[in-house]
Amino acid sequence: MKKIAFFDTKPYDKVWFDKTNTKYEIDYFEGKLNSKTARLAKGYDAVCAFVNDDIDEKTINALADFGVKVLAMRCAGYSNVDFKAAYEKINIVRVPDYSPYAVAEHTMALLQTLNRKLHKAYNRTRDFNFSLIGLTGIDLHGKTAGVIGTGKIGRVFIDICRGYGMNVIAYDPFPAKDTDINYVDLDTLFRESDVISLHCPLTEETKHIIDEDAFAKMKKGTYIVNTSRGALINSCALLNALNDEKIRGAALDVYEEEADLFFEDFSGTIVKDDVLSLLISRPNVILTSHQAFLTEEALENIASTTIQNLDEFFEGKELTNEVCYYCDKQKVKDNCRKDRKKRCF
Ligand code: NAI
């Protein structure tokens with residue numbers, strides 16, 4: 001029986017993987033995967049990891065030395081994996097599509113919580129405070145949503161915005177061909193949007209796509225929503241934009257420096273991240289801790305796709321969901337090595 005070392009385990013992961021898995025011996029480790037904890041994977045055939053594991057070159061080399069052949073990411077994004085270092089050492093598979101609805105619906109939930117101040121209303125009424133002072137929001141109907149990244153999640157979010165009667169504009173360097181999405185350049189999107197929502201991956205090009213310059217181009221009173229990856233926004237620039245009242249508020253499910261914080265309970269300790277502390281203290285910032293994916297449907301899909309990815313690997317089949325270093329580097333699907341070898345290497 002093949003052995004899987006499962007890192008950064010939460011109780012909900014175990015529930016869905018135990019339901020789905022029938023053929024692998026899975027050992028669940030609570031700790032995150034990094035260059036120090038990689039030795040726990042000695043003697044395992046595969047490793048299963050998540051968004052905030054630190055899978056840098058050192059970690060990859062350690063895993064390869066310990067005989068791990070495949071890294072199964074149980075998430076869509078892989079910006080925490082040095083997949084260049086993994087090339088020709090460890091095949092990497094992921095779950096590209098587990099529920100775009102989970103993330104897009106959470107995006108709108110966050111935006112409307114911020115806009116209609118539901119977080120404040122909830123606390124007030126629990127205290128029998130029925131005052132409405134300070135709870136005024138805006139109609140989203142008729143406003144312009146600027147969507148950055150029109151992949152699976154961005155497109156579901158666009159549908160939701162249209163359901164609200166919003167006008168939608170979008171930016172994506174690889175526009176979808178089969179849609180009526182109104183694509184504009186980034187500057188136009190910054191200039192015209194009342195709500196800007198990020199749905200692109202974190203790459204060298206997209207890091208800090210929302211920075212001081214971007215804020216300067218926005219109209220006053222824009223809402224910023226980020227359920228993609230924290231480093232898409234320069235957090236200090238965001239704080240400045242909030243302080244200057246340039247933007248109306250920020251709804252965040254991700255944070256640039258979330259890796260050592262999110263998914264854990266720090267309620268009894270002093271968190272020494274001043275930027276995060278300042279952001280959380282602002283009345284017009286709402287933050288959830290990377291929970292947009294967390295629905296039953298998504299967890300079930302994550303478990304079943306991960307098991308299918310491992311089956312394909314161990315049965316020598318083509319890896320449907322491989323993170324392909326060569327293609328990603330070339331950005332040319334025509335040269336894909338998988339066409340010849342069924343795998344990136
Ligand atoms: P996708 O791959 O279907 O779509 C990403 C889109 O971004 C593509 O259309 C691509 O062309 C576009 N893009 C690439 N570079 C860009 C750039 N420079 N500017 C604008 N757009 C660019 O990915 P999907 O499934 O829609 O996911 C989007 C992101 O959502 C993921 O990368 C991940 O970071 C995040 N995510 C967050 C979750 C959460 O729980 N908060 C859960 C799942 C994904």
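First listed ligand is number 1; within each ligand, the first listed atom is number 1. This chain uses plain numbering: 1 for the first residue, then up along the sequence.
- Heavy atoms of other residues, nucleotides or ligands lying less than 6.0 angstrom from NZ of K89 number more than 12.
- Distance from atom 8 (C) of ligand 1 to its nearest protein heavy atom, with residue and atom name: D172 OD2, 3.5 Å.
- The protein heavy atom nearest to atom 40 (O) of ligand 1 is F293 N, 3.1 Å.
- At least one heavy atom of S228 sits less than 4.0 Å from an atom of ligand 1.
- Residue A292 has at least one heavy-atom neighbour below 4.0 Å for each of these atoms of ligand 1: 39 (C), 40 (O), 41 (N).
- Aromatic pair Y44/F66: centroids not less than 6.0 angstrom apart.
- Remark: the D172 side chain and the Y183 side chain contain no N/O donor-acceptor pair separated by less than 3.5 Å.
- Taking the centre of each ring, Y171 and F190 stay at or above the 6.0 Å mark.
- Under the ring-ring contact (aromatic ring centres under 6.0 Å, His included) rule, F50 has a single partner from F29, F293, F7, which is F293.
- Remark: ligand 1 and Q291 share no N or O pair separated by less than 3.5 Å (distance only, no angle test).
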CA sep, side-chain torsions, deciding dist, call: D56, T59, side-chain hydrogen bond (donor to acceptor under 3.5 Å, both in side chains): CA-CA 5 Å; D56 60 6; T59 309; 2.7 Å; yes

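- Between the choices P96, A104, G230, P201, the shortest heavy-atom distance to atom 32 (O) of ligand 1 belongs to P201.
- Less than 4.0 angstrom separates atom 43 (C) of ligand 1 from at least one non-hydrogen atom of the protein.
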Can Y24 and D45 be said to form a side-chain hydrogen bond (donor to acceptor under 3.5 Å, both in side chains), step by step? CA-CA 10 Å; Y24 298 104; D45 303 286; over 6 Å; no

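- Ranking protein heavy atoms by distance to atom 33 (C) of ligand 1, first place goes to R229 NH1, 3.7 Å.
- Taking the six-membered ring wherever Trp is involved, the centroid distance between the rings of H199 and F157 falls below 6.0 Å.
- Ring pair F17/F6: centre-to-centre distance below 6.0 Å.
- For ligand 1 and Y171, the ligand atoms under 4.0 Å from any heavy atom of the residue are 19 (N), 20 (C).
- When only non-hydrogen protein atoms are considered, atom 28 (C) of ligand 1 lies nearest to H199 O, 3.4 Å.
- I307 CD1 to N21 CG: the interatomic distance, rounded to the nearest 0.5 Å, is 4.5 Å.
- Annotation: V103 places no N or O atom under 3.5 Å from an N or O atom of ligand 1; distance criterion only.
- Atom 37 (C) of ligand 1 has T227 O, 3.1 Å as its closest protein atom, hydrogens excluded (heavy atom only).
- When only non-hydrogen protein atoms are considered, atom 15 (N) of ligand 1 lies nearest to P173 CG, 3.9 Å.
- For the atom pair CD1 (I286) and CG (L252), the distance works out to 9.5 Å, reported to the nearest 0.5 Å.
- The single protein non-hydrogen atom nearest to atom 18 (N) of ligand 1 is T206 CG2, 3.1 Å, given as residue, atom name and distance.
- Taking a cut-off of under 4.0 Å to the non-hydrogen atoms of Y98, the atoms of ligand 1 that pass are 42 (C), 43 (C).
- Remark: ligand 1 atoms within the under-4.0 Å shell around heavy atoms of I148 are 20 (C).
- Among protein heavy atoms, atom 2 (O) of ligand 1 sits closest to K152 NZ, 3.9 Å.
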